[in-house]
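From a predicted model like this one, the values you see are computed outputs, not experimental measurements. When reading the values below, keep in mind they use all heavy atoms of this one structure, side chains included, and skip hydrogens, waters and symmetry mates.
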Amino acid sequence: MRIVILGSGAGGGVPQWNCGCRNCDAARNGRIPAMSQSGIAISANGRDWALINASPDLRQQLAATPALRPEGLRGSPIRSVLVTNGDIDHVAGLLTLREGQGFDLFATPAIHAVLAGNPMLSALAPGLVPRREVTLDRAFALAPGLTATLFAVPGKVPLYLEGARVETGLMGEQTVGVELAANGRRAFYIPGCASVPDWLCDRIAGADALLFDGTLWTDDEMVRAGLGAKTGRRMGHVPVSGPGGSLDGLRQVALGARIYVHLNNSNPLVDPASPERAQAQAAGWQIGHDGMEIAP
């Protein structure tokens, strides 16, 4: 199994186009690495690849990844795309893949319904890009030699679908984690998760790799920094630190590699010199970065 982190940032990436926070300015000036928006590529054989999520930055991510470059005059090693929710930073990149290239598009029925409601995505012709509905907790072939199983994790509907009342711990088809298996190895990709319940710890225990939601270091960091009015939990993301955070919630779970992904521009973890990153690394975590390769 080979995993490439195409994008390690949350929505907007680092630097975010309209943000002058400390981290964004540091990325613009080359003091810390930039981060494009969230997504990974995975293969069981190094030839046939699946994408999990398709960010608005997908074109530059594909160009930066040698294994995903075209085959011959026209072609691609990308056999499928799987989306874990309907968030803009996870589906807008599908429009980049409208160039008459065939692949399978996997999602739950609920997420497919969201995609079908956007007329722009009809540019992905069904004859070339069949939309495959996935049943939760049932393994399916994502690419040659690679199986995936989707399962519900606590989350919420995308921002553009929010109504007057917002539930941030919904369990269903709107936000899913992915269990990946190939060649006797097992990995989990969970870029969005609102809490760390005991059942989730049990499910992921013993995995060779976990790529997990690291959006915010503290629940209220965006509010305290003057960057927004919402907490992380209000956005459907469990914080890394503090009571109920993922750092403590996952501390006792036996895992191989544990990697934070989907990092917001406000998060001190994006700064390699921050004490927060040192604290996370001391607890056994790696901080995902664009182009990072994992071979669990």
Side-chain angles (χ1 to χ4, degrees), residues 1-8 38-46 48-53 80 82-85 90 106-108 134-155 171 173 175-215 236-241 244-263 269 280-289 291-296:
M1 186 187 295
R2 180 180 170 195
I3 301 170
V4 179
I5 297 178
L6 301 178
S8 49
S38 174
I40 67 170
I42 180 166
S43 176
N45 58 22
D48 303 289
W49 289 82
L51 306 184
I52 303 184
N53 293 326
S80 62
L82 164 66
V83 294
T84 61
N85 62 23
H90 285 163
F106 291 99
T108 66
V134 178
T135 301
L136 294 181
D137 297 303
R138 183 178 299 173
F140 64 96
L142 182 60
L146 174 67
T147 62
T149 305
L150 304 187
F151 58 97
V153 296
M171 289 286 294
E173 295 183 349
T175 303
V176 299
V178 188
E179 180 176 354
L180 299 151
N183 303 318
R185 313 299 281 176
R186 191 168 64 112
F188 285 84
Y189 183 56
I190 310 173
C193 192
S195 63
V196 185
D198 290 343
W199 65 261
L200 180 58
C201 295
D202 293 340
R203 181 157 194 160
I204 65 178
D208 298 290
L210 169 67
L211 286 74
F212 192 77
D213 185 350
T215 305
H237 296 287
V238 62
V240 172
S241 68
S246 60
L247 201 61
D248 283 342
L250 296 170
R251 190 180 299 274
Q252 302 302 320
V253 180
L255 293 165
R258 53 182 77 207
I259 303 161
Y260 278 125
V261 293
H262 198 273
L263 303 170
L269 288 178
Q281 290 173 329
W285 285 86
Q286 300 177 61
I287 311 305
H289 59 81
M292 182 177 182
E293 295 202 21
I294 304 108

Please tabulate, for the side chains in residues 137-145, all donor-acceptor contacts under 3.5 angstrom to protein atoms that are two or more places apart in sequence or on a different chain.
| unit_1 | atom_1 | unit_2 | atom_2 | d |
| --- | --- | --- | --- | --- |
| D137 | OD1 | R203 | NH1 | 2.8 |
| D137 | OD1 | R203 | NH2 | 3.3 |

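Checking each of V176, I40, L150, L51 against L82 for a side chain to side chain contact (heavy atoms under 4.5 Å, CB included) leaves exactly one that passes, namely L150.
Applying the side-chain contact (heavy atoms from CB on, under 4.5 Å) rule to A181 yields the partners T147; only residues at least two apart in sequence or on another chain are considered. Applying the ring pair (Phe, Tyr, Trp, His ring centres under 6.0 Å) test to F212 and every residue at least two apart in sequence or in another chain returns nothing. Every residue meeting the side chain to side chain donor-acceptor pair (under 3.5 Å) condition with T215, not counting sequence neighbours, appears here in chain and number order: D213, H237, H262. Residues forming a side chain to side chain donor-acceptor pair (under 3.5 Å) with T108 (at least two apart in sequence, or on another chain): none. Among residues two or more places apart in sequence or in another chain, the ring pair (Phe, Tyr, Trp, His ring centres under 6.0 Å) test is passed with W49 by none. Every residue meeting the side chain to side chain donor-acceptor pair (under 3.5 Å) condition with D248, not counting sequence neighbours, appears here in chain and number order: R251. In this structure Q281 satisfies the side-chain contact (heavy atoms from CB on, under 4.5 Å) test together with R277, sequence neighbours excluded.
Contact record, I5 with G288: CD1-CA, 4.0 Å, taken as the closest heavy-atom pair. Nearest heavy-atom pair, A182 versus L146, reported as atom, atom and distance to 0.1 Å: CB-CD1, 4.0 Å. Of all heavy-atom pairs spanning L263 and Y260, the tightest one is CD2-CB, 4.2 Å. Shortest non-hydrogen contact noted between A257 and Q286 is CB-NE2, 3.9 Å.
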Evaluation steps, side chain to side chain donor-acceptor pair (under 3.5 Å), between N53 and T84: CA-CA 7 Å; N53 293 326; T84 61; 3.0 Å; yes
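The salt bridge (charged side-chain N to carboxylate O under 4.0 Å, His left out) pairs that include a residue from residues 141-154 number zero, where partners must be two or more places apart or lie in different chains. Residue pairs that meet the salt bridge (charged side-chain N to carboxylate O under 4.0 Å, His left out) test with at least one member in residues 187-199, sequence neighbours left out, do not exist here. Listed by first and then second residue, the salt bridge (charged side-chain N to carboxylate O under 4.0 Å, His left out) pairs that reach into residues 252-262 come to none, sequence neighbours excluded.
Expressed to the nearest 0.5 Å, how far OG1 of T175 lies from NE2 of H90 amounts to 10.0 Å.
In this structure, P154 and C193 have side chains that are in contact, with non-hydrogen atoms separated by less than 4.5 Å.
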